[in-house]
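Each chain gets a letter, A, B and so on, in the order its sequence line appears, and its residues count up from 1.
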Amino acid sequence: MTTVALFVTCLVDLYRPGVGFASVKLLEEAGCEVVVPEAQTCCGQPAYNSGDRRDAMAIARQVITAFADFDYVVAPSGSCAGMIKHHYPALFAGDPQWRIKADDLARRTHELTSFLVDVLQVEPAPARFDGTVTYHDSCSSLRELGIQAQPRALLGKVEGLALRELKTPEACCGFGGTFCVKYPEISTEIASRKAADVAATGAGTLLAGDMGCLLNIAGRLQREGHAVKVRHIAEVLAGMADGPAIGEPQS
Amino acid sequence: MKSTAHGFKENARNALQDTQLRDALSVVGTNFIVKRRLAADALPEFETLRDEATAIKNRTLNELDLHLERFERKVVEHGGVVHWCIDAAAARETVLSICRSVNAKTVTKGKSMLGEEIGINPFLEANNIRPIETDLGEYIIQLADEPPSHIIAPAVHKTKSQIADLFEKHHKRPRSMDGEALVAEARAMLRQSYFDADVGITGANFLVAETGSSVIVTNEGNGDLTQTLPKIHIVLASIEKLVPTFEDMATILRVLARSATGQQMSVYTTVSTGARRAEDPDGPEQYHVVLIDQGRSAMLGTELQDLLRCIRCGACMNHCPIYHAVGGHAYGWVYPGPIGAALDPALLGVAEAHHLPNASTFCGRCEEVCPMRIPLPKIMRHWRERAFEDDIQPVMQRTAIRWWAFLARRPFLYRANTRLAMWLLHALGKTRGRFKSLPFAGGWTAGRDLPAPQGGTFHAQWAAKGGRTK
Ligand code: SF4
């Protein structure tokens with residue numbers, strides 16, 4: 001049996017554990033055994049993108065060590081997977097010993113939808129979702145990892161689901177990690193444009209593969225009073241989209 | 001040009017409140033993007049051409065000294081002069097002394113970003129020489145007394161109505177809102193200037209070493225009149241404009257206009273080689289190339305060398321969400337958008353320009369479309385690291401990151417802390433599902449609701465279920 005180590009990501013761990021369990025379900029249904037190494041916290045992007053290279057390297061070493069012995073490492077996030085696949089090797093460009101380990105981890109690491117479609121190549125267990133959805137491509141998934149067809153292929157197999165594309169699915173939502181609090185006015189302006197695009201599709205639900213984008217777009221949609229529900233794609237694919245959506249009352 | 005890059009946040013805030021600016025900028029985020037896409041899709045070898053163009057510039061930069069010397073030899077052979085200028089001040093003095101040699105009162109100018117960089121217009125004015133911009137966009141912003149807000153569309157921040165107002169005020173003619181009529185009006189006003197000018201100053205898109213030629217690409221033909229009618233033609237060019245051969249230039253030209261405006265070629269590609277020869281029907285009596293370093297040679301051989309491949313096409317800013325939101329003036333200096341965020345700190349110092357590389361979501365679209373494959377996000381990151389090392393970031397941000405990193409490196413402590421925080425946030429927010437405002441998250445909640453966490457952390461729930469951890 002294929003053993004997959006789940007890189008939960010800090011936002012899923014803290015904000016929406018359900019996405020982690022949806023990922024586990026999808027992986028198990030696809031015939032994998034899922035392990036969640038304890039020594040993981042975050043991929044280090046907040047430090048890396050703030051120019052704090054030393055801390056970013058320390059966190060990267062911790063991740064590289066924690067995930068050393070698994071066939072595959074899967075993250076329900078293009079952003080974190082992109083960090084591990086592209087930026088860890090770059091971080092250790094001047095350190096051959098760690099570079100080898102970083103390259104090795106990079107090779108084994110995949111974003112969730114691309115792992116299901118490109119690596120496992122299995123038919124997912126049938127899921128049902130009644131409604132119209134639209135899909136936002138996160139910048140890291142789309143441009144760092146070239147993921148575009150995979151989530152759409154998986155959504156295409158969900159019964160009852162109709163996909164209505166955004167006018168500019170490739171446009172950034174304005175989240176940008178720490179950017180969203182360092183330059184909040186600009187971030188909000190970009191998020192408004194995304195929210196307008198989402199609302200214009202008329203879809204009842206917005207899906208994406210990255211929690212950062214989802215929290216940002218949900219926050220803006222709700223501030224503007226739109227009724228669109230916002231969820232991580234894994235929830236829908238795993239048939240676990242019946243609880244409250246992001247930012248909805250949970251009582 | 002005087003920088004206000006340190007005031008980026010304030011500049012951006014003002015820009016976001018400017019509704020006319022928003023209207024004017026909407027063309028950048030739509031038209032430019034669509035046109036580039038169509039032009040690129042129509043040319044099967046476009047991606048290969050990008051690789052070739054990149055390779056040409058890399059080769060040239062690696063032996064730039066040889067090409068520069070060859071270029072000078074050829075210029076001299078054709079009766080021209082090359083003036084080597086180490087910085088902006090030297091370049092300004094050189095231009096002034098050439099102008100003074102013919103007692104120039106007015107100079108016509110083709111579009112030149114380098115001219116903005118070295119502040120040639122205010123300098124000439126201070127010395128009683130009147131510069132007249134002949135590119136339509138540059139002409140408009142000269143009337144408005146503003147710097148360009150885009151490197152190929154300098155007046156893109158102006159609406160048609162604002163331009164009509166400007167023309168009415170300065171031309172003293174009845175106000176028109178007809179695009180063609182406005183262009184004709186500017187043309188008529190400029191016509192006489194070409195004949196009156198003693199000196200014509202242009203920039204250069206390329207300097208070709210094998211022939212000693214300077215080359216400009218324009219859509220209006222104003223550059224041709226600027227450089228052929230006056231007695232003296234001065235070319236302002238920085239050293240990285242060199243290409244070895246015409247063949248090399250032709251390759252880069254094929255990606256330039258397509259990336260910039262989506263045209264296959266710009267309307268005019270004008271080659272100048274030396275001064276007027278006896279058999280030429282027209283042309284300037286003197287041909288001067290003011291070759292400017294201004295920080296470029298210091299970038300050679302460093303992680304910044306990639307920036308010297310830039311051909312100033314503007315595609316990066318056309319695809320930039322930050323530029324779409326705030327426009328070019330907010331950046332506070334000559335080069336806005338991603339190229340500015342990567343280049344301005346090199347030319348202004350990171351203390352002055354640290355906001356620019358920080359104000360990016362790293363969405364990567366700039367790098368995706370840059371015809372010269374410049375790793376713009378990587379260079380922005382380089383500046384963030386420099387700013388962090390030099391302690392330039394606000395203390396709060398720095399402390400927050402260091403604290404967070406401290407925890408992230410200690411999984412046990414991290415879990416204890418985050419569990420508590422998330423428990424609290426969940427308890428406070430679960431009924432409504434989100435927060436309209438939160439004391440420590442004002443940046444977020446000023447414009448967005450903050451979703452409440454779902455409750456519990458994944459790791460705690462996984463452990464409680466007895467899930468495998470090794
Ligand atoms: S950085 Fe690239 S895209 Fe931007 S202006 Fe220069 S060549 Fe064009």
Side-chain angles (χ1 to χ4, degrees), chain A residues 8 12-18 20-21 33-42 44 46-47 49-53 55 58-59 62 139 143-144 170-172 174-191 215-216 218-220 222-223 244 246-251, chain B residues 9 12-13 16 321-322 324-326 358-365 367-368 381 383-389 393 397 401-402 404-405 407-409 411 414 418 421-422 426 430-434 441 443-444 446-459 461-462 467-470:
Chain A
V8 181
V12 165
D13 175 38
L14 304 179
Y15 245 90
R16 210 157 167 81
F21 287 103
E33 168 145 40
V34 179
V35 183
V36 184
E38 258 174 340
Q40 56 174 310
T41 55
C42 166
N49 289 349
S50 298
D52 180 0
R53 199 179 175 93
D55 277 324
I59 296 168
Q62 179 175 301
C139 296
R143 279 178 280 272
E144 275 187 345
E170 73 287 357
C172 175
F175 173 66
T178 53
F179 171 83
C180 73
V181 286
K182 282 194 295 187
Y183 300 94
E185 290 107 338
I186 305 175
S187 175
T188 300
E189 169 64 25
I190 303 171
L215 292 172
N216 185 42
R220 187 60 201 171
Q222 285 155 4
R223 177 59 56 92
I246 295 171
E248 278 195 330
Q250 302 170 27
S251 41
Chain B
K9 275 196 134 173
R13 193 167 302 134
L16 286 168
I322 316 298
H324 295 162
V326 301
N358 270 289
S360 159
T361 62
F362 280 156
C363 81
R365 260 185 119 175
E367 183 175 5
E368 184 183 50
R381 191 189 306 284
W383 292 120
R384 291 185 188 192
E385 287 171 0
R386 280 286 306 279
F388 194 88
E389 282 164 23
Q393 263 138 346
Q397 270 172 31
I401 281 294
R402 298 253 32 208
W404 167 87
L407 284 179
R409 292 168 57 183
Y414 173 91
T418 51
M422 289 304 123
H426 172 70
K430 66 177 178 200
T431 318
R432 299 195 52 184
R434 54 187 183 261
W444 180 284
R448 289 158 287 209
D449 289 0
L450 181 69
Q454 207 172 22
T457 64
F458 179 86
H459 289 291
Q461 293 178 40
W462 184 254
R468 211 181 128 181
T469 56
K470 336 189 193 334

(request) Report yes if some heavy atom in the side chain of B/R468 is under 4.5 Å from a heavy atom in the side chain of A/V34; otherwise report no. (result) no
(request) Would you indicate whether the side-chain heavy atoms of A/D55 and B/W404 approach each other to under 4.5 Å? (result) no
(message) Is a donor from one side chain sitting under 3.5 angstrom from an acceptor on the other, for A/N216 and B/R448?
(response) yes
Engaged part of [X] at the chain A interface, taking heavy atoms whose separation is under 4.5 Å:
{"X": "B/Q461", "answer": "both"}
{"X": "B/H324", "answer": "both"}
{"X": "B/W383", "answer": "neither"}
{"X": "B/R13", "answer": "side chain"}

(request) Look at A/C42, A/P184, A/G174 and state which one has the largest set of heavy-atom pairs under 4.5 Å with chain B. (result)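 Most heavy-atom pairs under 4.5 Å with chain B: A/P184.
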(message) I'd like to verify something: which residue of A/A47, A/G176, A/P46 has the highest number of heavy-atom pairs under 4.5 Å with chain B?
(response)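 Looking at each option in turn, the highest pair count goes to A/P46.
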Examine whether an atom of [X] lies under 4.5 Å from a heavy atom of chain B, and if so say whether it belongs to the side chain, the backbone or both; otherwise answer neither.
{"X": "A/I186", "answer": "both"}
{"X": "A/V36", "answer": "both"}
{"X": "A/E144", "answer": "neither"}
{"X": "A/E185", "answer": "both"}
{"X": "A/E248", "answer": "backbone"}

(message) Counting heavy-atom pairs closer than 4.5 Å to chain A, which one of B/A387, B/A446, B/S360 comes out on top?
(response) B/S360
(request) Go through B/G467, B/A421, B/G456 and name the one with the most non-hydrogen pairs under 4.5 angstrom from chain A. (result)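 Most heavy-atom pairs under 4.5 Å with chain A: B/G456.
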(message) To check you understand the geometry: which heavy-atom pair defines the closest contact between B/Q454 and A/G18, and what is its length?
(response) OE1-N, 2.8 Å
(request) Locate the shortest heavy-atom distance separating B/K470 from A/V35; write the atom from each residue and the value. (result) N-CG1, 3.5 Å
(request) Using the six-membered ring wherever Trp is involved, compare the ring planes of A/F175 and B/W444 and label them parallel, tilted or perpendicular (cut-offs 30° and 60°). (result) perpendicular
(message) With a 4.0 Å cut-off on N to O distance, would you call A/R143 and B/E367 a salt bridge?
(response)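 Between B/E367 and A/R143 there is no salt bridge, as every charged N stays at least 4.0 Å from the carboxylate O atoms.
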(message) Assess the residue pair A/R53 and B/E389 against the criterion (salt bridge (charged side-chain N to carboxylate O under 4.0 Å, His left out)); give the C-alpha distance rounded to whole Å, side-chain angles, the decisive distance to 0.1 Å, and a yes or no.
(response) CA-CA 9 Å; A/R53 199 179 175 93; B/E389 282 164 23; over 6 Å; no
(request) Please test B/I401 against A/T178 for side-chain contact (heavy atoms from CB on, under 4.5 Å), starting from the C-alpha separation and ending with a verdict. (result) CA-CA 9 Å; B/I401 281 294; A/T178 53; 4.3 Å; yes
(request) Apply the test side-chain contact (heavy atoms from CB on, under 4.5 Å) to residues A/F179 and B/I322: give CA-CA distance (whole Å), side-chain angles for both, the deciding distance (0.1 Å), then the verdict. (result) CA-CA 11 Å; A/F179 171 83; B/I322 316 298; 3.4 Å; yes
